[in-house]
Amino acid sequence: MCGRYVLNATPEQLQKAFDLDNVPRLEPRYNIAPTQPVPIITDASPKELTLVQWGLVPSWSKDPSIGGRMFNARAETAAEKPSFRNAFKRRRCLIPATGFYEWRKEGKTKKPQYIHMKDNSIFAFAGLWEVWTDPEGGELWSCTILTGEPNDLIEPLHNRMAVILEQGDYDTWLDQDAPTEALTEVLQPYPSEEMAYYEVATTVNSYRNEGAELIEPLNPPEQQSLL
DNA sequence: CCAGACGTTGTT
DNA sequence: GTCTGG
DNA sequence: CCAGACGTTGTT
DNA sequence: GTCTGG
């Protein structure tokens with residue numbers, strides 16, 4: 001699954017990876033947490049970044065705070081669930097990232113692991129987005145990250161993993177006319193061979209902490225083999 | 001008919 | 001223990 | 001995801 | 001908004 005991630009790409013990387021028209025200046029982020037604003041690429045405006053809250057608020061919600069617990073949606077069921085099905089049909093998005101964290105349970109303690117592409121390239125989570133309107137007419141835009149089966153790399157860490165899209169599947173995912181079969185086709189576990197992970201300090205546990213040091217390897221000697 | 005939920009993860 | 005907030 | 005709160009009344 | 005449960 002995915003409850004904390006990293007986006008420290010340059011504007012050039014973002015522009016190139018997603019073929020954007022223009023890219024706003026973005027601070028590098030090493031500790032993005034649910035409820036925070038995140039840049040996404042929507043099917044409605046695929047040539048630009050859109051800032052939305054991470055944590056999908058269904059349009060019919062009475063209380064938008066529900067979004068705080070809607071930061072993931074199961075890929076297997078999102079097309080049917082009342083909270084997600086409309087978004088699954090018409091409001092899909094790419095959520096750019098350069099890495100994410102998983103907390104591995106070791107006895108009583110949880111140790112954060114930083115997972116990334118071996119070549120440190122930028123990638124995209126498969127996401128859904130939604131608009132919620134408050135009684136005064138103000139709009140809250142939000143998104144969620146789909147989860148699916150883990151690949152062989154992540155399987156020892158967790159029984160779920162965020163869905164990462166192949167670059168060649170971006171267009172399909174954002175195509176509002178794509179048939180359901182084509183969509184489920186692209187929601188496969190990302191190839192293990194292209195990914196790696198290592199343990200990091202528990203500093204990342206608090207969302208208040210931020211900075212490049214959060215993705216520094218802990219215990220570099222014994223972790224080298226994993227890189 | 002109306003009331004109440006609508007979600008995921010992980011753990012038991 | 002469980003909910004809320006970031 | 002983890003961290004942190006978890007409550008009310010009345011007064012400023 | 002729409003489905004489920006009573």
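Letters A, B, ... are given to chains in the order of the sequence lines, protein chains preceding strands, and every chain is numbered from 1. If you're wondering where the values come from, they're calculated on a predicted model, not measured in any experiment. Quick note: numbers below take in every heavy atom, side chains included, and nothing from hydrogens, waters or symmetry partners.
Note: CE (M161(A)) to P (dT8(B)) measures 18 Å, nearest angstrom. In this structure, the CD1 atom of I115(A) is 13 Å from the P atom of dC1(D), given to the nearest Å. Between K110(A) atom NZ and dC1(D) atom P there is a gap of 7 Å when expressed in whole angstrom units. Atom CG of L214(A) and atom P of dC2(D) are 15 Å apart (whole Å). Regarding R91(A), its CZ atom lies at a distance of 12 Å from the C1' atom of dG1(E), rounded to whole Å. The nearest whole Å value for the distance from the CD1 atom in I154(A) to the P atom in dG10(B) is 12 Å. Across the protein-nucleic acid pair, E80(A) atom CD and dT8(B) atom P stand 11 Å apart, rounded to whole Å. Distance F71(A) CZ to dT9(B) P: 9 Å, rounded to the nearest Å.
Using a 4.0 Å heavy-atom cutoff across all strands shown, F84(A) reaches sugar-phosphate atoms only and no base atom. Contact annotation for T203(A): no contact, since no heavy-atom pair falls under 4.0 Å across all strands.
Of the listed nucleotides (dA3(D), dC1(D), dG10(B)), dA3(D) has the atom at the smallest distance from the side chain of S206(A). Here the nucleotide nearest the side chain of T147(A), chosen from dC2(D), dG6(C), dT8(B), is dT8(B). Among the nucleotides dG10(B), dC1(D), dT8(B), the one closest to any side-chain atom of N159(A) is dG10(B). Distance from the side chain of P34(A) is smallest to dC1(D) among dG7(B), dG10(B), dC1(D). Ranking dC1(D), dT2(E), dT8(B) by closeness to the R85(A) side chain, first place goes to dT2(E). Closest to the side chain of W103(A), from the set dC2(D), dT8(B), dG6(C), is dC2(D). When the nucleotides dC1(D), dG10(B), dT2(E) are ranked by their closest atom to the side chain of R160(A), dG10(B) comes out on top.
Taking atom P on both dC1(B) and dT8(D), the two are 37 Å apart, rounded to the nearest angstrom. Only the P atoms considered, dG4(B) is 22 Å distant from dG7(D), to the nearest whole Å. Rounded to the nearest Å, the gap between the P atom of dT12(D) and that of dC2(B) is 49 Å. Taking the P atoms as reference points, dC6(B) lies 24 Å from dG6(C), given to the whole Å.
Considering only residues two or more places apart in sequence or on other chains, K47(A) meets the side chain to side chain contact (heavy atoms under 4.5 Å, CB included) condition with D19(A), D21(A).
Applying the 4.0 Å criterion to OP1 and OP2 of dT9(B), one finds that H158(A) has every side-chain N and O outside that range. In terms of phosphate contacts, T202(A) brings no side-chain nitrogen or oxygen within less than 4.0 Å of OP1 or OP2 of dC2(D). Within the structure, a side-chain polar atom (N or O) of R74(A) is placed less than 4.0 Å from OP1 or OP2 of dT9(B).
Although no hydrogens or angles enter the test, the distance criterion places a donor-acceptor pair under 3.5 Å between the side chain of S192(A) and the main chain of L153(A). Using a distance-only test at 3.5 Å, with no hydrogens or angles considered, no donor-acceptor pair links the side chain of S61(A) to the main chain of P64(A). Judged by distance alone, the side chain of T144(A) and the main-chain N or O of F71(A) form a donor-acceptor pair under 3.5 Å. Remark: the backbone N or O of Y30(A) is paired with a side-chain donor or acceptor of E210(A) at under 3.5 angstrom.
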5'-to-3' dot-bracket of DNA chain C (Watson-Crick, G-U; under 3.5 angstrom; crossing pairs as [ ]; | other strand)
||||||
Considering only distance and modelled atom types, tabulate donor-acceptor pairs under 3.5 Å from the side chains of residues 3-11 of chain A, sequence neighbours left out.
residue : atom : partner : partner atom : Å
R4(A)   : NH1  : N31(A)  : OD1          : 3.0
R4(A)   : NH1  : V204(A) : O            : 2.9
R4(A)   : NH1  : N205(A) : O            : 3.3
R4(A)   : NH2  : N205(A) : O            : 3.1
N8(A)   : OD1  : T98(A)  : OG1          : 2.7
T10(A)  : OG1  : Q13(A)  : N            : 3.0

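Pairs engaging residues 179-195 of chain A under the salt bridge (charged side-chain N to carboxylate O under 4.0 Å, His left out) rule: none recorded [sequence neighbours left out]. Evaluation of the salt bridge (charged side-chain N to carboxylate O under 4.0 Å, His left out) test over residues 80-100 of chain A, restricted to residues two or more places apart or in two chains, returns R91(A)-E130(A).
Using bins of under 30°, 30° to 60° and over 60° for the plane-to-plane angle, the ring pair F125(A)/F123(A) lands in the perpendicular bin.
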Protein-nucleic acid N or O pairs under 3.5 Å, nucleotides 4-6 of chain B:
residue : atom : partner : partner atom : Å
dC6(B)  : O3'  : S83(A)  : OG           : 3.0

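Atom CD of E27(A) has 12 or fewer neighbouring heavy atoms from other residues, nucleotides or ligands inside a 6.0 Å radius.
Cluster annotation: I40(A) is connected to V131(A) through the hydrophobic network of ILVMFWY side chains, with a link wherever side-chain heavy atoms come within less than 4.5 Å.
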